There are 2 protein chains.
Amino acid sequence: MKGNVLKGHLEMLVLSVLARQPRHGYAIIEDLRVWSDDAFELPEGTLYPVLHRLEKSGLISGSWDDVDGRRRKSYALTDGGHAALDEQRRSWHEFSVAVESVIGGVPWPSR
Amino acid sequence: MKGNVLKGHLEMLVLSVLARQPRHGYAIIEDLRVWSDDAFELPEGTLYPVLHRLEKSGLISGSWDDVDGRRRKSYALTDGGHAALDEQRRSWHEFSVAVESVIGGVPWPSR
DNA sequence: CACGGGTGCCTAGCGTTCCTAGGCATGAAG
DNA sequence: CTTCATGCCTAGGAACGCTAGGCACCCGTG
């Protein structure tokens with residue numbers, strides 16, 4: 001398993017939300033909160049830098065809307081974003097399986 | 001959700017290894033590697049600071065052995081360590097369920 | 001004997017990530 | 001007019017994992 005899989009699953013979560021439909025920042029926070037049953041309550045100071053990072057690396061693309069005189073920036077997955085999400089999901093699955101193997105009370109196989 | 005649950009599952013993994021039996025640093029690395037089917041290959045520079053942190057916070061206790069003229073430091077879980085492991089496992093479970101909720105069952109547009 | 005490889009411990013410092021703590025602006029509601 | 005919700009943003013810090021070293025001992029091989 002390459003890279004730093006022990007942290008940083010947040011990007012995957014954000015990409016997952018945006019994979020369903022384009023959303024703007026506040027809505028992403030809300031979606032994560034609802035879909036995770038209140039487990040994830042991101043502060044804005046956490047989310048926005050992530051969005052900027054993802055946009056900069058080309059995984060999402062943002063566009064400004066104007067809704068009732070309020071400006072919003074909506075983000076959508078790019079093709080690269082879909083690919084990255086696929087990869088990150090695979091990686092997450094490996095990670096969680098590995099964690100379960102280690103913490104599961106299962107006594108060491110073979111033997 | 002309290003604390004920084006998005007990262008830092010490493011302590012739990014180390015505690016899990018030590019919950020089975022006391023081990024010294026190198027052996028912990030090896031156990032993690034084997035039990036995770038090579039998913040986790042910790043560099044020493046990652047593990048040792050964790051062990052020191054855990055010992056300092058009283059979750060594990062270390063003792064020096066002498067094996068064939070080589071010195072080793074073996075660690076074992078304290079009572080607090082067992083409690084902490086329980087708590088961290090609970091936390092991990094919540095986390096992984098929440099992640100699955102967000103990423104799972106996604107009506108992938110292209111599928 | 002010398003030397004490399006495996007065992008075994010350690011630390012300084014870095015890059016990244018997430019969060020705290022602010023700031024700014026608009027519209028709706030009291 | 002003031003407060004609340006919406007909506008965006010950034011600077012700075014803390015924590016974490018990793019890189020990249022160092023030290024020391026044992027054993028096998030050349």
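To find a chain, count down the sequence lines: A is the first, B the second, and so on, and within it residues start at 1. Only a predicted model underlies this, so the values are computations on that prediction, with no experimental measurement involved.
Taking atom NZ of A:Lys56 as the reference point, atom P of C:dT17 lies 12 Å away to the nearest angstrom. In this entry the distance linking CG of B:Leu42 with P of D:dC18 reads 7 Å, nearest Å. Summarising the geometry, the separation between CD on A:Glu30 and P on D:dA5 is reported as 13 Å, rounded to the nearest angstrom. Look at CG on B:Leu10: it is 16 Å from C1' on C:dT17, rounded to the nearest Å. As rounded to whole Å, 12 Å separates atom C1' of D:dG7 from atom NE2 of A:His52. If you measure from atom CD of A:Glu11 to atom C1' of C:dT17, you get 10 Å, rounded to the nearest angstrom. Between A:Leu32 atom CG and C:dC19 atom C1' there is a gap of 16 Å when expressed in whole angstrom units. To the nearest angstrom, C1' of D:dG7 lies 11 Å from OH of A:Tyr75.
Neither OP1 nor OP2 of D:dC26 sits under 4.0 Å from any side-chain N or O of B:Arg70. OP1 or OP2 of D:dC9 has not a single side-chain nitrogen or oxygen of A:Tyr48 nearer than 4.0 Å. Side-chain nitrogen and oxygen atoms of A:His24 include none within less than 4.0 Å of the OP1 or OP2 phosphate oxygen of D:dT6.
Listed nucleotides: C:dG27, C:dG8, D:dG17. Nearest to the side chain of B:Val50: D:dG17. Proximity note for A:Arg72 (side chain, C-beta onward) versus D:dG7, C:dC9, D:dC18: the nearest is D:dG7. Distance from the side chain of A:Thr46 is smallest to C:dC18 among C:dG8, C:dC18, C:dC9. Closest to the side chain of A:Pro49, out of C:dT17, D:dT10, C:dT11, is D:dT10.
Under the 30°/60° scheme for interplanar angles, the aromatic rings of B:His9 and A:His9 are found to be tilted.
To the nearest 0.5 angstrom, A:His24 atom NE2 is 10.0 Å from A:Glu30 atom CD. Separating the CG atom in A:Leu10 from the CG atom in A:Leu32 is a distance of 7.5 Å, to the nearest 0.5 Å. Distance CD/A:Glu44 to CG/A:Leu51: 11.5 Å, rounded to 0.5 Å. A:His93 NE2 to B:Glu100 CD: the interatomic distance, rounded to the nearest 0.5 Å, is 7.0 Å.
For the pair B:Arg53 and A:Lys73, nearest-nucleotide mapping onto DNA chain D gives the more 5' position to A:Lys73. Between A:Glu44 and B:Ser74, the residue whose closest nucleotide on DNA chain C is further toward the 5' end is B:Ser74.
Looking at heavy-atom distances under 4.0 Å, A:Gly45 makes contact with a base.
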